[in-house]
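Every number for a ligand or one of its atoms is a count from 1 in the order of the listing. Please read these numbers as outputs of a predicted model, since none were measured by experiment. All values below come from the heavy atoms of this structure, side chains included, with hydrogens, waters and symmetry mates left out.
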Amino acid sequence: LVPSFKITILGNGAASPTLERPPSSQIIELSGRYFLVDCGESIQLQLRKYKFSIQKIDHILITHLHGDHYLGLLGLLQSMHLLGRKSEINLYCQPELKEIIDLQNRISQTFLNFSIRYVFLEPEDKYLIFEDEKLRIYSFPLKHRIACNGFLLEEKPLPFTINKKKLDQYNIDVSQIHKLKKGMDVENEDGQRVSYQEVTTAPRATKSYAICSDTIYDEGLKTFINGVDVLYHESTFLNDMKERAKKTFHSTASQAAHIALLIHAKHLILGHFSARYGHLQAFADEAAGIFNNVSVAKEGEVYQI
Ligand SMILES: [Zn+2]
């Protein structure tokens, strides 16, 4: 079974939502685990619309505390509680979010039935914030008007697939299988050395994905995410509003494309579009002049990493 690593866009809008563009949110699925990144105000309806069970989400990552990236979170936690959630939720965020949640729960006299495990994000450098047998997640700083973090998800090496027929031919004991799956040679029952390449097939290459939610054009990103396979980069504006982008610590479509080129990404996904633009085609066109594999994130769209 090839593990799936895919993202679903739940919202692609900037500050003010429009009917076609709910505010920022996306869900990442890796082998049955769900990571929600940002939580715009329409998050609950979006999760229902695209048929994600809210109780399956165990990890929520918030890039920063501008409203369009987190205002849906309080409602989502409330619904998890009302629907009987018992299992802990992991929340990766700036420390001030805990103050906001505590205040809301105190004033509304809400006592959640589940605990929140907070992982506070470091403002200065790249840090490992999650690791299990399949995946590592790092946070890294973005340059925005307030503290803001991006996230880098990296798959760990996948196991080699055992060819059972060959395994029998070489008279290898099943206790050696775990070594072969890791790509290590073994000794068979007759004391003969068997190369893992003889009895396994190689897995597909591991994949990586980076999210740069809200950021000014910043070539320093190369230090954190060089060589990433898929880059999601905000593109709030087109180049005609380059000055406004700079002033508000946002990026344009061509700036996002320049970053994709600089870090040798294979695929660029643009998102976080200002409501002032009616159509998104211009974003794709602008970026495509610089970088050759560009997608424009639309609500409900799924991307295989
Ligand atoms: Zn922002």
- Item | Six-ring centre of F114, R85 cation under 6.0 angstrom, axis tolerance 45° | yes

- Message: Given the ring of Y138, does K126 sit roughly above its face, with NZ or CZ under 6.0 Å from the centre of the six-membered ring and within 45° of the axis?
- Response: yes

- Message: Using a 3.5 Å distance criterion without hydrogens, assess whether the side chain of H233 forms a donor-acceptor pair with backbone atoms of L270.
- Response: no

- Just by distance, do the side chain of D68 and the backbone of P23 share a donor-acceptor pair under 3.5 Å? no

- Sphere of radius 2.8 Å around the Zn ion (ligand 1) - protein N, O or S atoms inside: H64 NE2, H66 ND1, H144 NE2, D214 OD2

- Query: At what distance, to the nearest 0.5 angstrom, does CD of E234 lie from CG of L142?
  - Reply: 9.0 Å

- Query: Are D102 and R106 within salt-bridge range, i.e. N to O under 4.0 Å?
  - Reply: no

